[in-house]
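Below is one structure, written out as structure tokens; the observations come after it.
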Amino acid sequence: MENKKEAISFEVTHVCKQTGARTGILHTPHGDVKTPMFMPVGTLATVKFLSPEEIKEIGSGVILANTYHCWLRPGEDVVQAAGGLQKFMRYDGPMLTDSGGFQVFSLADSRKIKEEGVYFKSHIDGSPLFLSPEKSIEIQNALGADIIMSFDECPPYPATYEYMKNSVERTLRWAKRGKEAHKNPETQALFGIVQGGEYEDLRKYSAEELVKIGFPGYSIGGTSVGESKETMYKMIDYAVKYLPKESVKYLMGVGSTDAILEGVLRGIDMFDCVLPTRIARHGALMTSEGRVNIKKVQYKKDFTPIDKECDCYACKNYTKAYIHHLYRCNEGLGMRLMSIHNLRYLIRLTEQIREAIEQDRFGDFKDEFFKKMNLNSVDSRGF
RNA sequence: GGGGAGGUAGCGAAGAGGCUAAACGCGACUGACUGUAACUCAGUUCCCUUUGGGUUCGACAGUUCGAAUCUGUCCCUCCCCA
């Protein structure tokens with residue numbers, strides 16, 4: 001049941017007659033954004049190498065920051081004193097903070113999970129840290145993003161049924177505790193996170209219990225942690241099936257082109273991923289003709305843009321030869337141009353997806369894309 | 001003309017009698033990267049029919065069971081003094 005006014009609201013604007021995939025608008029305190037969307041990740045209150053103007057220019061709707069990382073540096077008190085994340089980083093668009101739940105997974109070697117929360121060792125200096133649902137929400141309240149996330153355990157894959165069941169139950173208790181600790185639901189929307197690994201009954205249980213607690217948006221976690229694409233798609237189906245149709249759905253940590261397409265087909269509205277920015281920094285560019293490894297000598301004298309079909313700042317103004325040179329010399333401008341390009345590539349993909357949905361031909365669009373990129377729906381890299 | 005240093009795989013550079021087909025760095029090549037401990041990580045980089053074989057450390061000739069490493073001659077580079 002609806003209680004107080006929530007910080008965000010979501011409206012479905014069109015459902016593709018061909019596939020059932022949908023477009024929508026997410027209303028946030030920092031503006032409206034169209035879905036399906038891809039959200040660039042800016043862990044430390046910065047999308048690595050990009051200025052706010054550049055982030056805007058690529059057409060991104062929402063950007064992420066991370067609770068764990070911002071807590072350690074610069075400290076949520078600093079961000080709060082600055083007037084919140086947006087003011088601090090001079091970015092006026094919508095933002096989302098992840099809860100630190102992913103660090104429960106990624107920093108697994110130096111952490112211990114207990115009912116009360118998670119004991120970490122700082123990845124910076126090894127000092128002891130403790131993050132709980134309450135603490136995570138408190139930090140996120142101070143950081144002030146439009147959307148904040150429940151503190152969850154992102155369990156490893158594979159995990160036994162027994163482990164997953166305990167984890168899901170604990171994550172549900174944490175979700176409840178987080179919601180109770182949340183101080184400003186009218187300016188920050190707290191999302192719940194469905195877990196349960198590959199087990200349908202656990203995903204169902206997780207989703208239904210979260211809905212009982214009640215959140216303005218739901219996300220699907222525990223994906224892209226080593227499982228096959230086929231398994232991931234099942235995980236999505238198992239979760240989406242038991243979530244309210246009208247609620248906004250966020251698939252966490254997924255950003256390969258094939259998975260975005262498959263996710264949209266299954267009802268996902270939001271995606272985020274470090275993939276485009278990370279592989280950009282590593283010299284891999286996503287293009288309409290597949291992956292371009294800019295470091296190859298073959299680009300030394302290639303004076304054409306990264307992608308002829310791309311409208312990004314890098315493609316409109318620079319050549320592969322120049323970016324190749326910058327990459328080889330480890331120059332920051334190279335990192336920047338490559339990041340801009342990959343992000344724009346994915347965001348442009350979501351624009352095309354929206355258009356296709358509105359024209360009721362998303363199925364065709366997806367098939368054509370897979371065919372063109374030589375992907376198959378179950379086992380593909382998609383960059 | 002006198003004195004000195006040196007020539008090692010694409011480049012730089014270790015190695016000073018067997019454990020060396022030769023460390024390491026760069027360069028080159030492959031691959032990975034999915035709610036960012038990530039401008040990172042892994043593998044390959046003398047040749048071949050590659051769990052093995054062949055040919056290497058300026059050239060040639062020696063010493064030795066064994067030489068990139070020791071000896072001789074030659075070729076070439078660099079530095080200092082005239």
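Proteins get letters first, then strands, A, B, ... in listed order; numbering begins at 1 in each. What you are looking at is a predicted structure, and each value in this text was computed from that prediction instead of being measured.
Across C33(B), U34(B), G35(B), the shortest atom-to-atom separation from the side chain of S224(A) is found for U34(B). Closest to the I193(A) side chain, of the nucleotides U36(B), G35(B), C33(B), is G35(B). For M252(A), whose side chain is taken as the heavy atoms from C-beta onward, the closest listed nucleotide among C33(B), G35(B), A38(B) is G35(B). Each of C33(B), U34(B), U36(B) was ranked by its minimum atom distance to the side chain of I279(A); first place goes to C33(B). In the set G35(B), C39(B), C29(B), the nucleotide with an atom closest to the side chain of K296(A) is C29(B). Among U34(B), A37(B), C29(B), the nucleotide with an atom closest to any side-chain atom of K229(A) is U34(B). Distances from the side chain of H123(A) to the nucleotides G31(B), A37(B), U34(B) place A37(B) closest. Picking from C39(B), A37(B), G35(B) the nucleotide with the shortest atom distance to the side chain of H69(A) gives A37(B). Here the side chain of A284(A) is nearest to one of C33(B), U36(B), C29(B), namely C33(B).
Taking atom CD1 on I260(A) and atom C1' on U34(B), their separation rounds to 10 Å, with Å as the unit. The interatomic distance linking M37(A) (CE) with G35(B) (P) rounds to 17 Å, in whole Å. One can place CG of L131(A) at 18 Å from P of G35(B), the figure rounded to the nearest angstrom. Atom P of nucleotide C33(B) and atom CD of E227(A) are separated by 12 Å, given to the nearest angstrom. Rounded to whole angstrom, the span from the CD1 atom of I294(A) across to the P atom of C29(B) amounts to 12 Å. Counting to the nearest Å, the P atom of G35(B) and the CD1 atom of I268(A) are 15 Å from each other. Taking atom CZ of residue R111(A) and atom P of nucleotide A37(B), one finds them 13 Å apart after rounding to whole Å. With rounding to whole Å, R281(A) atom CZ is found 18 Å from A32(B) atom P.
Regarding contacts with the backbone of G35(B), every side-chain N or O of Q103(A) stays at 4.0 angstrom or more from both OP1 and OP2. Taking 4.0 angstrom as the limit, S106(A) places a side-chain polar atom (N or O) nearer than this to OP1 or OP2 of A37(B). Within the 4.0 Å cut-off from OP1 or OP2 of U40(B), not a single side-chain nitrogen or oxygen of R278(A) is found. Taking side-chain N and O atoms only, N330(A) has no distance below 4.0 Å to OP1 or OP2 of C39(B).
Rounded to a whole angstrom, the distance from the P atom of A37(B) to that of U45(B) is 33 Å. Comparing the C1' positions of U56(B) and A22(B) gives a spacing of 9 Å, expressed to the nearest Å. Here, U71(B) and G1(B) have their C1' atoms 28 Å apart, quoted to the whole Å. Between C46(B) and G31(B), the distance separating the two C1' atoms is 24 Å to the nearest Å. Comparing U8(B) with U69(B), their C1' atoms sit 11 Å apart, to the nearest whole Å. Using C1' as the reference atom, C57(B) and G3(B) are 28 Å apart when rounded to the nearest Å. Nucleotides C39(B) and C33(B) place their C1' atoms 14 Å apart, quoted to the nearest Å. Between the C1' atoms of C65(B) and G17(B), the separation comes to 12 Å (whole Å).
Remark on RNA chain B: of its neighbouring residues V297(A) and T223(A), the 5'-side contact belongs to V297(A), judged by nearest-heavy-atom nucleotide. In terms of position on RNA chain B, the residue among K48(A) and F383(A) whose nearest nucleotide sits closer to the 5' end is F383(A).
Ring geometry, H341(A) versus Y345(A): the interplanar angle falls from 30° to 60°, so the pair is classed tilted. Aromatic ring pairs are classed by plane angle as parallel below 30°, tilted from 30° to 60° and perpendicular above 60°; the pair H123(A) and Y68(A) is tilted.
Side-chain atoms of T277(A) and base atoms of U36(B) include a donor and an acceptor less than 3.5 Å apart. The base of G35(B) is paired with the side chain of D152(A) by a donor and an acceptor separated by under 3.5 Å.
Across all strands shown, C33(B) has no partner, as no Watson-Crick or G-U wobble contact with both distances under 3.5 Å is found. Nucleotide U69(B) is matched to nothing when pairs are restricted to Watson-Crick or G-U wobble geometry with both distances under 3.5 angstrom. The partner of G6(B) is C76(B), judged by Watson-Crick or G-U wobble contacts that both fall below 3.5 Å. When both distances must be under 3.5 Å, the Watson-Crick or G-U wobble mate of C19(B) does not exist. With a cut-off of 3.5 Å on both pairing distances, the Watson-Crick or G-U wobble partner of G27(B) is U45(B).
Atom CG of L85(A) is separated from atom CD of Q80(A) by 11.0 Å, given to the nearest 0.5 angstrom. If you take CD on E358(A) and SG on C16(A), they are separated by 10.5 Å, rounding to the nearest 0.5 Å.
Taking the ring axis of Y327(A) as reference, the NZ or CZ atom of K296(A) does not stay both within 45° of it and closer than 6.0 Å to the ring centre. K366(A) forms a cation-pi arrangement with F370(A), by the criterion of a distance under 6.0 Å to the ring centre and an angle within 45° of the ring axis.
Side chains of Y161(A) and D201(A): a donor-acceptor N/O pair is present below 3.5 angstrom, by distance only. With 3.5 Å as the limit, one finds a donor-acceptor pair spanning the side chains of H27(A) and E11(A).
Judged by ring centres under 5.5 Å apart and planes tilted less than 30 degrees, H282(A) fails to stack against the six-membered base ring of C39(B).
At the heavy-atom level, G222(A) lies under 4.0 Å from base atoms of the strands shown. Using a 4.0 Å heavy-atom criterion, one finds that R336(A) contacts no nucleic acid atom at all.
Applying side chain to side chain contact (heavy atoms under 4.5 Å, CB included) to V41(A) and the options L275(A), L343(A), D272(A) leaves one that passes, D272(A).
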